[in-house]
Enquirer: 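Before I ask anything, here is the structure I am working with.
Everything numeric in this text was worked out from a predicted model, so none of it was measured.
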Amino acid sequence: MNALSKTNTLRKSLLLYRFLRYRKGFGVHSPFAFSFITKVIDERCPYYCYDEIELVRKELQQHDNVPVRQEIKRSHGELLFRVVNYFKPKRLIQLGSPAGIGTLYLTAYASDLQCTVLEEKESFARQTCWTIQRKERTFITVEQGDYRQTFPKALQEMGKVDFIFFNSPDITRAYLEEALKHIHSESVFFIEGIRANQEMRRLWKELCLREEVVLTFDLYNIGILFFNKRLHKQNYIAFF
């Protein structure tokens with residue numbers, strides 16, 4: 001068996017393990033975790049906003065210079081929506097937005113929000129502005145610039161943050177350390193691409209061990225973090 005075959009076999013075994021472990025909440029003793037798995041991760045209600053957002057994606061795909069392929073895929077976007085719709089955060093930050101599709105999923109549940117979207121690339125930020133204007137999301141602020149300056153500034157201005165959507169391949173330990181200074185007991189981190197590269201895999205493992213982090217959900221490419229000290233520390237691996 002060559003190296004590629006071994007890798008594929010290992011991946012299939014891991015996916016099967018994820019499918020069996022905690023499937024539909026089986027084996028989960030925490031009421032909070034059970035509710036989150038059954039009502040958010042496994043929930044499949046076809047919310048009206050899904051198709052509306054995907055119509056915008058199709059419209060963007062007609063233009064060759066729009067980075068739609070780098071955007072969050074539909075299933076991940078739907079999960080992102082379900083998470084924010086479940087917890088109803090009011091102060092949100094998104095780090096990284098190629099074209100604004102993830103932003104639409106992030107903010108579709110309400111309009112009385114304070115949402116700041118950060119993007120380093122000027123063309124990506126410009127496209128995100130067009131997308132959110134297309135859906136008249138006037139409560140969203142888009143800031144373009146180096147994350148090393150814009151992220152600490154956005155965190156400082158917001159004070160305590162309810163929800164952070166990390167949607168950039170350029171996430172570093174420094175950004176996560178800065179974000180942890182602005183959490184409260186009900187804060188939630190949603191991290192896209194926790195297995196995108198070796199550095200992200202290492203960062204995810206480190207986060208799971210952090211004292212501030214109480215509950216984690218590993219959905220293979222998505223990581224979700226909770227910080228409520230009333231919960232028991234646990235790292236869940238769930239099928240998604």
Side-chain angles (χ1 to χ4, degrees), residues 53 56-57 60 65-73 76-77 79-81 83-84 87 89-184 186-194 196-197 199-200 203-204 207 212 221-225 227:
I53 294 172
V56 177
R57 190 196 299 269
L60 294 175
N65 60 335
V66 178
V68 185
R69 291 184 179 180
Q70 299 180 50
E71 264 293 353
I72 190 170
K73 63 182 183 180
H76 290 196
L79 175 62
L80 175 63
F81 169 81
V83 174
V84 291
F87 293 107
K90 296 297 183 181
R91 296 165 296 182
L92 305 90
I93 292 178
Q94 177 179 342
L95 185 70
S97 180
I101 297 299
T103 309
L104 296 185
Y105 276 110
L106 178 65
T107 59
Y109 70 100
S111 59
D112 57 335
L113 310 173
Q114 180 184 356
C115 181
T116 300
V117 179
L118 308 176
E119 174 51 56
E120 285 190 323
K121 295 184 180 180
E122 184 177 354
S123 60
F124 287 8
R126 186 167 55 249
Q127 184 57 61
T128 296
C129 287
W130 182 92
T131 300
I132 63 177
Q133 289 170 4
R134 172 80 170 73
K135 300 300 291 184
E136 299 181 349
R137 303 283 172 86
T138 57
F139 53 88
I140 301 172
T141 300
V142 179
E143 296 186 11
Q144 185 269 321
D146 191 325
Y147 293 144
R148 290 173 294 181
Q149 281 78 51
T150 61
F151 191 45
K153 178 175 177 287
L155 289 166
Q156 191 65 38
E157 290 177 349
M158 203 164 283
K160 296 296 183 180
V161 182
D162 299 329
F163 194 96
I164 302 182
F165 172 31
F166 292 94
N167 187 40
S168 170
D170 300 318
I171 298 171
T172 67
R173 184 178 290 98
Y175 299 150
L176 292 165
E177 290 284 354
E178 191 68 31
L180 288 171
K181 298 176 184 178
H182 295 267
I183 60 172
H184 57 84
E186 305 301 321
S187 297
V188 181
F189 287 5
F190 187 106
I191 305 176
E192 176 79 10
I194 61 172
N197 51 55
E199 177 61 19
M200 286 300 298
L203 279 175
W204 174 251
L207 278 171
E212 303 95 325
N221 282 316
I222 297 171
I224 304 175
L225 307 176
F227 307 91

Enquirer: Output yes when Arg126 and Glu122 qualify as a salt bridge under the 4.0 Å nitrogen-oxygen rule, no when they do not.
Expert: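 Salt bridge present between Arg126 and Glu122.
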Enquirer: Apply the test side-chain contact (heavy atoms from CB on, under 4.5 Å) to residues Met200 and Ile191: give CA-CA distance (whole Å), side-chain angles for both, the deciding distance (0.1 Å), then the verdict.
Expert: CA-CA 10 Å; Met200 286 300 298; Ile191 305 176; 3.9 Å; yes
Enquirer: Heavy atoms only: give me the nearest Ile224-Trp204 pair and the separation to one decimal.
Expert: N-CH2, 3.7 Å
Enquirer: Looking only at heavy atoms, what is the nearest atom pair of Val84 and Tyr105, with distance?
Expert: CG2-O, 4.2 Å
Enquirer: Could you please spell out the steps behind the side-chain contact (heavy atoms from CB on, under 4.5 Å) verdict for Val83 and Phe163?
Expert: CA-CA 10 Å; Val83 174; Phe163 194 96; 3.6 Å; yes
Enquirer: With side chains defined as the heavy atoms from C-beta onward, is the minimum distance between Ser97 and Val142 less than 4.5 Å?
Expert: no
Enquirer: Between Ser187 and Val161, which heavy-atom pair has the shortest distance, and what is it?
Expert: OG-O, 2.6 Å
Enquirer: Decide if atom NZ of Lys90 counts as having more than 12 heavy atoms of other residues, nucleotides or ligands within a radius under 6.0 Å.
Expert: yes
Enquirer: What closest approach, in Å, do Phe166 and Ala179 show between heavy atoms, and which atom pair accounts for it?
Expert: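 Shortest heavy-atom contact: CZ-CB, 4.0 Å.
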Enquirer: So, for Ile101 and Glu71, which heavy atoms are closest and what is the spacing to 0.1 Å?
Expert: N-OE2, 3.1 Å
Enquirer: Report the distance from atom CD1 of Ile93 to atom CG of Leu106, rounding to the nearest 0.5 Å.
Expert: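 CG of Leu106 is found 11.0 Å from CD1 of Ile93.
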Enquirer: Where the side chain of His182 meets the backbone of Gly159, is there a donor-acceptor pair that is under 3.5 Å apart?
Expert: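 Indeed, once roles are kept as given, a pair shorter than 3.5 Å links the two residues.
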Enquirer: Is the shortest side-chain heavy-atom distance between Gln94 and Ile140 below 4.5 Å?
Expert: no
Enquirer: Tell me the closest heavy-atom pair linking Pro169 and Asn197, and the distance in Å.
Expert: O-ND2, 4.4 Å
Enquirer: Do other residues, nucleotides or ligands put more than 12 heavy atoms under 6.0 Å from Gln156 CD?
Expert: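 Incorrect, the count does not exceed 12.
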Enquirer: Salt bridge between Asp162 and Arg91, side-chain N to carboxylate O under 4.0 Å?
Expert: yes
Enquirer: Verify, without hydrogens or angle tests, whether Ser168 (side chain) and Leu95 (backbone) share a donor-acceptor contact under 3.5 angstrom.
Expert: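 Judged by distance alone, no pair lies under 3.5 Å.
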Enquirer: For the side chain of Gln144 and the backbone of Glu120, is there at least one donor-acceptor N/O pair under 3.5 Å apart?
Expert: yes
